[in-house]
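Here the structure comes first, spelled out in structure tokens, and everything after it is commentary.
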Amino acid sequence: MADKPVVLVTRRLPEAVEDRLRRDFEPLLNPDDRRYDTDELIARCADAEAVLTCATEAWPAAQIERLPAGVRAIATFSVGADHIDLAAARARGITVTNTPDVLTEATADIAMLCLLGAARRAFEGEALIRVGKWSGWTPTQLLGLDLTGAVLGIVGMGRIGQAVARRARSFGLQIRYHSRHRLAPQLEHGAIFHDRLNALLPHCRFLSLHCPGSAETRHMIDAQALALLPRGAVLVNTARGTLLDDEAVLASLQNGRPFAAGLDVYADEPDLHPGYRTQRNCFLLPHLGSATIETRNAMGFRCLDNLAALFAGHPAPDAL
Ligand code: DGY
């Protein structure tokens, strides 16, 4: 019997996080960062008391029910927990924790990068240079959109939505938002609240999504929602790919109805809808929202703080 709790770690983590794992736990690491299939995940959990997972592994009820009885916790290296069936975990007495707060600023930065990349046609510009087709400055080349004075609609005004609003204000954007709950007036900083998504959409030159992936938010941006956006709007998604009806988004991008989209997340990652790859007016990133050295370390430490609390007999601070 090991003295330290055995933790199955499903993906390779930053070095500083793995160092602390070795110090405080008995980790079963994945140095090759190979993606385990569902059977292998369960087999590797044989001696584990906790699993440190990522959003790349799905934990539906059927998978959670197969976990050995010794597993007491699932710590996800993510703020989103849509890949874990929380009710099934609760029914098994398994504590699930996530990593709130620490990735707010990095993710808000990526949302601004997607917004600017789409508005200023960064992909098309870079492609011109990379393929050696740039013949020099012209007055009409790759004209984009100004941010100053335009309206940014934010859907989901939680921590990340508010961090995006803070950044956007310094670019001169006016903020409107739709969220499950209206913010307290002192947190709105002049942002205009809409209690329905459909009421927000017609105002938005820019629209940025910051709500969790769930059955309720699935395909919230569909053909009907896209038709309510003004012609020439820019759609930004750094939350979850399932929020978009990809077929509808691609059809409307082809018609130039949204001017462009800036996306960091996709349904069925990494097998995104192939239509995006060839769509000129899309600025695409490979789920980099939290991908900074500082943030990924902080996410890892947050997972370990939660597991340490739990194994010391205390409540996990970020239990869901
Ligand atoms: C998160 O934390 O939810 C990020 O999107 C990584 O999955």
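Throughout, numbering of the chain's residues begins at 1 and tracks the sequence. In listed order, ligands and their atoms are each counted from 1. Everything numeric here is computed off the predicted structure, so don't read it as measured data.
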- Message: Suppose we measure from atom 6 (C) of ligand 1 to each protein heavy atom; which comes out shortest, and what is that distance?
- Response: His287 NE2, 3.6 Å
- for atom 7 (O) of ligand 1, nearest protein heavy atom and its distance come out as Ala55 CB, 3.5 Å
- Between His83 and Glu57, is any side-chain donor less than 3.5 angstrom from a side-chain acceptor? no
- Query: Any N or O of Val79 that comes nearer than 3.5 Å to an N or O of ligand 1?
  - Reply: yes
- Query: What part of Ser78 sits under 4.0 Å from ligand 1 if we count only heavy atoms: the side chain, the backbone, both or neither?
  - Reply: both
- Query: Is any N or O atom of Gly80, backbone or side chain, closer than 3.5 Å to an N or O atom of ligand 1?
  - Reply: yes
- Message: Quick one, Glu40 with Arg34, criterion salt bridge (charged side-chain N to carboxylate O under 4.0 Å, His left out). Give me CA distance, side-chain angles, the key distance, then yes/no.
- Response: CA-CA 11 Å; Glu40 188 172 3; Arg34 196 165 52 75; 2.7 Å; yes
- Message: Check this for me: Arg130, atom CZ, are more than 12 non-hydrogen atoms of other residues, nucleotides or ligands nearer than 6.0 Å?
- Response: no
- Task: Return the residue, atom name and 0.1 Å-rounded distance of the protein heavy atom closest to atom 3 (O) of ligand 1.
- Result: Arg240 NH2, 2.7 Å
- Message: Is it the case that ligand 1 has an N or O less than 3.5 angstrom from some N or O of Thr99?
- Response: no
- Taking all heavy atoms of His287 and all of Arg296, pick out the closest pair and write down the distance. O-NH2, 4.2 Å
- Query: For ligand 1, is any non-hydrogen atom under 4.0 Å from Leu103's backbone (N, CA, C, O), its side chain (CB onward), both, or neither?
  - Reply: side chain
- Message: Within 45 degrees of the ring normal and closer than 6.0 Å to the centroid, is that where the cationic atom of Arg280 sits relative to Phe123?
- Response: no
- Any ion pair linking Arg302 and Asp305 (charged N to carboxylate O, less than 4.0 Å)? no
